[in-house]
Every structure is written in C-alpha cells, then in structure tokens.
Number of protein chains: 2
Amino acid sequence: MDVEERREPTSKRPTIEMVASRAGVSRQTVSNAVNAPHRLRPGTLAVVRAAIDELGYRPSQAARSLRTQSTRVIGCRLLPGNYGGTGGVLDRLLHSLCDTARSNGYDLLTFSANDDDDEIGVYDDLLRRNAVDGILLTNTHHGDARPDWLLERGARFVAFGRPWGRRGVKHSWIDVDGARGTAEAVAHLARLGHTRIAFLGLPEGNGVGDDRLAGWQRQTQQLRLATKGLLGRAEDGIASGRALADQLLDSARPPSALVCVSDAMAIGAMRAVEDRGWRPGHEVSVVGFDDSPVASVIRPGLSSLRQPIEAVANQLVETLLVVLSGRTPRPERTLLAPRLVVRESSGSREIRQIGTAAEAR
Amino acid sequence: MDVEERREPTSKRPTIEMVASRAGVSRQTVSNAVNAPHRLRPGTLAVVRAAIDELGYRPSQAARSLRTQSTRVIGCRLLPGNYGGTGGVLDRLLHSLCDTARSNGYDLLTFSANDDDDEIGVYDDLLRRNAVDGILLTNTHHGDARPDWLLERGARFVAFGRPWGRRGVKHSWIDVDGARGTAEAVAHLARLGHTRIAFLGLPEGNGVGDDRLAGWQRQTQQLRLATKGLLGRAEDGIASGRALADQLLDSARPPSALVCVSDAMAIGAMRAVEDRGWRPGHEVSVVGFDDSPVASVIRPGLSSLRQPIEAVANQLVETLLVVLSGRTPRPERTLLAPRLVVRESSGSREIRQIGTAAEAR
DNA sequence: CCCAGCAATTGGATCGTTCATCTGAACGTT
DNA sequence: AACGTTCAGATGAACGATCCAATTGCTGGG
C-alpha cells in the first residue's frame with residue numbers, strides 16, 4: 001500500500017474531473033459528495049470519497065469563489081497596538097477569531113491601517129476585488145464613519161464595540177459590558193471595606209470611557225458611597241493615570257481605592273501610590289481594566305477586569321456567519337460580562353484610613 | 001458631475017467586459033491596461049483608465065486566481081502568544097508583515113495552530129485548496145518537521161528563524177543575530193565597569209538560547225572576563241529567571257550583572273535582586289532580550305535587546321516574493337542585528353562590589 | 001408488458017479573468 | 001510594389017468549480 005502516499009511527480013493539484021474519472025462518476029457527483037452528500041446513494045458516496053482521499057483532492061478555492069461569488073474569507077483590521085501601554089487584548093481576539101473562523105470553514109485575512117480613512121480604503125479594495133465575504137469591525141467609537149460606509153456599500157459586517165451615540169442601528173454588534181465590570185470592581189472594593197472609591201476615566205465623549213464610568217456611578221450610588229470629588233478624567237496612559245491619582249490622593253478627602261478605566265491608567269495610579277511610600281493593595285487599592293499581560297507581571301500584581309475575548313470572538317464570527325447567510329431578521333446585539341481577576345493591588349487586608357493617617361503625621 | 005459617484009442600484013460589481021464596452025475596446029485591452037499598460041497607446045490607455053475609474057472597476061480576485069493559478073495571498077501562523085510572560089514581538093511582526101505584503105499587492109492570511117503537527121495540517125489544507133501562494137514560517141527550532149514537509153511538498157516559503165542544527169538547507173531564511181545582541185549587552189555592561197557578567201540562558205539544545213549564549217561567551221572571552229560559575233540554564237519564564245539569579249547571587253563570587261536570554265528571565269532576575277533589598281541598575285545590572293512591552297512599563301525600566309522586527313518583516317516578504325517569482329538562484333540567508341535599548345536596569349552609576357559588600361556585613 | 005413517478009446522475013453553460021494566437025495596419029527597406 | 005517586422009488590439013480557449021435542466025435508472029401500479 002505504499003503507492004497510496006506516493007504522488008506522481010508530473011501531476012499537479014488534482015481537479016474534480018480527475019476524481020470523477022477515478023471514481024467512475026461525473027463531476028457533479030463529486031461536487032455533490034463534497035457539498036451535499038445526502039444526495040448520493042451511500043454506495044456511490046463511499047466510492048467517491050475513497051477517490052477523493054486517494055488523490056488528496058480539495059476543491060480549488062479560486063474556482064469555487066468564482067462560481068459561487070463567495071470567498072469564505074473574513075477580513076479584520078489589525079489594530080495599531082497600543083503596546084507601549086497595555087496591549088494583549090487584540091492578540092487574544094485574533095487567535096480566537098482564527099480558531100472560530102477556521103472551524104466554521106472560513107479563513108481570516110488581516111490587514112493594518114493607520115486610521116479609519118485608511119481602513120475604509122482597504123475595505124474598498126477588498127470589497128471591489130471580492131476578496132472577502134464579510135468584515136469584522138473593531139474599536140468602534142463616537143462619530144465612527146466606518147459602519148455607515150459599510151452599510152451604504154451593502155457590505156456584510158459585524159462590529160466588536162457598540163455603535164456609540166447612535167440610534168436605529170442597522171448592523172449587528174457584540175460588546176463587553178464595561179459598566180458591569182466597573183460596578184463589580186466597586187462592589188469588590190466595598191466588600192473589602194472601602195468607602196471612598198474613586199474612578200480614573202477618559203475624557204467625556206469616549207464611548208468606552210463613559211460606559212465604564214457609568215458602572216462606577218451606578219454601583220457607588222446603589223451602595224450609597226461618596227462620589228463627589230472622586231472622579232478624574234484624562235487621556236489614556238500611564239502618565240495620565242499617575243497625574244490623576246496624584247491629584248486625588250492629595251485632595252482634602254482622598255479615596256482609599258481607585259477604579260481605573262484601563263490598565264495603563266492603573267499602572268500610573270500604582271506609581272502615584274508608591275511615590276507616597278504606600279503599597280498598592282494596602283494603603284490604597286487599585287483596579288485596572290483589560291487584564292493585559294502587564295497586569296500579571298508587575299509587582300504587586302494588578303487586579304483587573306478581564307474581557308471574555310474568546311467568547312467575543314465566537315460571537316463575532318457566528319453572528320457574521322448569520323449575516324452572511326442573508327437571512328437576518330434584524331440586527332443582533334450582544335453584551336458579554338467581564339470578569340474581575342483579583343491580584344495583590346486589591347487583595348483583602350486591614351483597611352487604613354489614609355486621610356486621617358496623613359493628617360496624623 | 002454628481003452622476004459619477006452614483007452607482008446604479010441594480011448593477012453588481014463591474015466586470016472587465018463592462019469596462020471594455022464602455023471604453024469601446026475589447027476585454028483584453030482592459031486587461032492589458034491593468035496588467036501591462038506599456039502595451040497600450042497612451043490615448044487608449046487614458047480612455048480605458050477613465051472607464052475603469054468611472055465604474056470603479058477592480059479585477060475579481062477569484063477569477064484572476066483561477067486563471068493565473070496564483071492567489072496573491074501569503075499565509076502566516078499566529079504564534080500561540082506567550083503573553084503571560086513577555087509577548088509583543090509577534091504583534092509588531094504581524095503589523096509589519098501586513099504593511100509590507102499589502103504594499104506589494106499581497107494579502108496576509110493568518111491562522112492559529114496548537115502545535116507543529118496542527119500547523120502542518122493547516123498548511124496541507126491551504127495548499128491543497130490553493131488558498132495561498134506562499135508561507136511565512138515562524139519560530140523555527142531544533143528538529144523542526146515543518147521545513148522538510150514544505151520542501152517535500154514543493155511549497156514556497158521563507159522562515160523567520162534559522163534552520164537550527166541543519167546543513168545543506170534548501171530554503172531561504174531571515175533571522176536576528178542573537179549572539180551579536182548579547183555580545184553588545186556584555187560590552188555595554190563592561191563599559192559600565194562590570195567584570196563579572198553572568199548569563200541566564202535556556203537549556204542546551206535550544207537554538208535561540210544557544211545562539212544568545214554564544215554572544216556572551218564570545219564577548220566575555222574577548223574582553224578576558226570571567227565566565228566560570230556565571231552561566232545558568234533553565235526553561236524560559238519569570239520563575240526560572242528568579243531561581244537562576246538567586247543561585248548566582250548566592251554563590252561565593254556572585255556576578256554584578258546579568259544578561260538574560262529573554263525579558264521574562266530578566267524580570268525574574270530583577271525580582272531576585274529586589275528580594276535582596278538591592279535595586280536593579282545599582283547593585284546589580286540586568287539586561288533582557290526582546291524589548292517586550294513589559295520592559296518599558298515595569299520599574300525600573302528593563303534594558304533589553306530590541307529585534308528589528310520591521311526590517312525582518314520587510315525582508316521576509318521581499319524574500320518570499322523572490323521565491324514566488326520562481327527565479328531563485330539559491331537560498332538566501334539574512335542575519336539582522338538587534339539593538340540595545342538602555343533603561344534603568346543597567347543605567348550608568350557607581351559600581352559596587354557586591355561580593356565584597358556581602359562579605360563585609 | 002408498459003409507463004408514470006421519483007431519485008440519482010449527467011452534460012452543458014457559466015462565473016470573470018488571463019493566455020495564446022491571430023488580424024490588420026503602419027513602417028521601413030530593397 | 002513586394003516584403004518582412006513591429007505593434008495595437010481582438011478573438012477563442014482555457015482555469016476548476018457549481019448551477020440548472022435534462023436524462024437515466026429504478027420501482028411499483030395498472
């Protein structure tokens with residue numbers, strides 16, 4: 001049986017015709033064996049399948065695409081990594097996307113772009129060339145031009161991220177419930193005994209930032225905790241986090257815990273705490289968002305809200321497949337919950353009133 | 001002129017035939033206008049191009065692939081991110097690959113795999129379906145089955161990483177000169193006054209590890225520095241780095257500087273230093289490898305060897321294009337130099353003989 | 001024995017492009 | 001004027017699959 005594995009050196013890729021003649025049937029029967037096995041009698045199916053295996057036949061993607069007008073390829077922009085700060089989320093996403101796509105018979109085509117206009121340019125190219133069936137949109141934001149452009153063009157897509165500030169949205173999206181995450185962080189800190197829990201957020205108008213802020217507001221209100229003078233806003237980054245935390249900790253009635261809109265902010269906040277000779281998780285607790293790789297590497301470890309990226313990826317692909325199938329009754333909206341990963345920066349320990357302690361010096 | 005941008009709702013993607021009839025020429029002339037403009041008279045070329053622009057025509061990828069038997073797609077495995085530790089290198093690579101590929105008219109198809117066998121399975125699929133023209137291989141290692149498999153199959157590929165432990169290699173590769181990097185690190189530390197410079201490496205047999213080790217050996221020898229008892233080996237990771245550093249620092253004649261095979265190791269080493277109440281960059285200097293995002297975020301900042309990933313990506317794609325063009329005289333080998341990024345973990349400062357200091361206690 | 005009815009199978013047309021080949025005109029040479 | 005050469009452009013034939021309508025084979029009823 002050592003002939004089976006040996007392929008004739010002269011022969012190129014096997015075509016459907018070669019399989020057909022080997023199995024003693026017609027092209028179409030082979031095609032059916034691959035695409036609609038139920039149409040064949042069990043006997044013929046077995047024969048055809050044997051021929052397929054012997055020749056190692058796989059339908060040519062190009063021929064198939066040309067005929068069916070579908071490529072079985074999904075396009076996805078590679079976000080410009082904010083690796084200076086946190087990073088890591090998009091890698092997990094990409095991995096999971098590949099897995100889910102592949103197990104559904106799709107390939108993932110990635111590309112990078114410098115900004116949204118650039119990205120639209122790539123979409124234009126991909127769609128015109130019929131190089132992808134659908135698109136996964138990431139990093140939606142206020143005033144995002146991309147969804148409208150795609151809709152107008154009649155492109156099939158699903159977004160990771162809500163259509164911030166829009167009504168009557170016509171496309172499906174999946175997102176992580178940031179508010180729920182920060183609310184959980186507040187609850188966690190409150191259970192540890194904190195009563196003055198601050199929030200380090202982004203400038204107003206940032207969808208993600210406002211969402212995460214809302215969770216803090218909601219939960220502090222529900223627990224009847226103070227919020228006045230406990231909100232700071234700035235652009236994302238370690239430096240901003242440090243500056244905001246400095247400001248809050250220097251105030252008359254400083255917080256004893258800081259919930260941060262991102263890990264970068266949180267790392268900055270931890271530095272501000274350390275600058276005062278305090279230890280995050282003792283005198284002041286800090287919680288970040290995204291559970292980036294850095295969070296588990298720095299010392300003390302940073303408690304952070306981990307997005308269920310694998311689930312997001314599954315949902316994205318599966319929803320896109322529904323959209324691609326054409327029969328979408330109406331846009332689907334999915335919100336998934338993040339999970340708090342507790343580390344030393346907010347570990348349980350005796351609480352110390354830093355405000356009074358500072359005064360006591 | 002508002003007609004120009006309006007596309008008839010009934011019309012599908014424009015085909016070459018539509019462009020041809022609009023321009024009053026034949027299919028082939030349009031094809032030539034796109035693929036071999038020099039064959040057309042300037043006048044006709046202008047007319048055809050006008051028609052192309054008006055209709056927004058782009059050749060169908062599928063039809064083109066079917067006819068030319070080439071997809072203009074490059075496949076690349078998404079490495080299982082070791083994000084727990086360092087990560088980040090592959091993201092930069094991926095971004096650059098996308099950019100370079102796209103500017104050369106190619107698309108990048110990514111996929112993930114659990115292990116090499118799995119990866120070969122995907123290659124098999126992609127090649128059988130004719131879904132990619134070529135492949136970029138990453139993370140080569142000793143006893144790697146993938147290159148041979150690809151060669152036997154006649155697939156076109158280029159590797160990022162040397163074919164460790166092989167002779168008479170038949171494929172092109174690009175790699176970063178790890179030895180040169182660690183040699184530079186040793187030279188850097190020696191300039192700062194260090195005389196006992198240790199190396200934290202990987203178990204023997206790991207290509208990357210042995211390469212980086214070789215640079216340390218070479219440079220210490222050239223500078224006539226001690227090496228005896230200054231080499232530690234273990235699996236990669238923060239814990240190993242810490243353990244190895246502990247061992248070295250506890251020895252009778254401890255090193256005052258640690259060159260590490262990876263940032264994860266280096267971070268572990270920094271912890272060992274801190275555990276002793278010392279500060280990395282003062283009592284003991286530490287240098288890592290890869291300049292992962294973490295290196296710039298932790299405090300003190302970790303000096304690290306940064307791989308020229310963008311250049312690697314360019315080289316990879318360009319070399320693959322040469323391979324794809326078919327006229328490859330012989331395999332190309334390219335070694336690029338890493339660059340030392342100096343941060344506080346090895347900043348210039350007064351040297352203190354930690355050996356004698358310890359004895360003096 | 002014949003034929004309707006149904007399922008299994010077949011062959012031609014087609015997707016949109018490029019390749020190979022051909023036509024005809026322009027041009028220069030003898 | 002006859003000839004060969006070059007060049008712009010046109011035509012038919014692929015590439016390898018699937019769609020569609022037609023055909024074959026089989027079963028069972030009259």
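Just so it is clear: chains get the letters A, B, ... in the order the sequence lines come, proteins before strands, and each one is counted from 1. No hydrogens, no waters, no symmetry mates; every other heavy atom, side chains included, goes into these values.
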Take A/L126 and B/D107 through the side-chain contact (heavy atoms from CB on, under 4.5 Å) test and state the conclusion after the steps.
-> CA-CA 10 Å; A/L126 293 175; B/D107 285 324; 4.1 Å; yes
With a cut-off of less than 4.0 Å, is there a side-chain N or O of [X] near OP1 or OP2 of [N]?
X: A/Y57; N: D/dG16; result: no
X: B/S26; N: D/dG9; result: no
X: A/R64; N: D/dT18; result: yes
X: B/T15; N: C/dG16; result: no
X: A/R67; N: D/dC15; result: no
X: A/N35; N: D/dT18; result: yes
X: A/Q69; N: C/dG16; result: yes

Taking [atom1] from [X] and [atom2] from [N], how many angstroms apart are they, rounded to a whole number?
X: B/E17; N: C/dC15; atom1: CD; atom2: P; result: 10 Å
X: B/N32; N: C/dC19; atom1: CG; atom2: C1'; result: 11 Å
X: A/R39; N: D/dA21; atom1: CZ; atom2: C1'; result: 13 Å
X: A/R41; N: D/dC26; atom1: CZ; atom2: C1'; result: 8 Å
X: B/Q61; N: C/dC15; atom1: CD; atom2: C1'; result: 15 Å
X: A/I16; N: D/dC19; atom1: CD1; atom2: P; result: 11 Å
X: B/Q28; N: C/dG16; atom1: CD; atom2: C1'; result: 13 Å
X: A/R72; N: D/dA17; atom1: CZ; atom2: C1'; result: 14 Å

Side-chain donor-acceptor contact under 3.5 Å, A/Q28 with A/N32 | yes
Return the nearest nucleotide to the side chain of B/T29; candidates are D/dA13, D/dG9, D/dT18.
-> D/dG9
Identify the two heavy atoms, one from A/S96 and one from A/A313, that lie closest to each other, and give their separation to 0.1 Å.
-> CB-CB, 3.3 Å
Per nearest nucleotide of DNA chain D, the residue lying toward the 5' end, B/A63 or B/L40, is B/L40
Which residue lies toward the 5' end of DNA chain D, B/T44 or B/L66, if each is placed at its nearest nucleotide?
-> B/T44
Decide yes or no on side-chain hydrogen bond (donor to acceptor under 3.5 Å, both in side chains) for B/S60 and A/N130, but give the supporting numbers first.
-> CA-CA 6 Å; B/S60 146; A/N130 244 5; 5.4 Å; no
Select base, sugar-phosphate, or nothing to describe what A/S65 touches, counting heavy atoms under 4.0 Å on all strands.
-> nothing
Touch class at under 4.0 angstrom, heavy-atom based, for A/R27 against every strand present | base
Test side-chain contact (heavy atoms from CB on, under 4.5 Å) applied to B/D133 and B/V73, step by step | CA-CA 6 Å; B/D133 286 349; B/V73 171; 6.0 Å; no
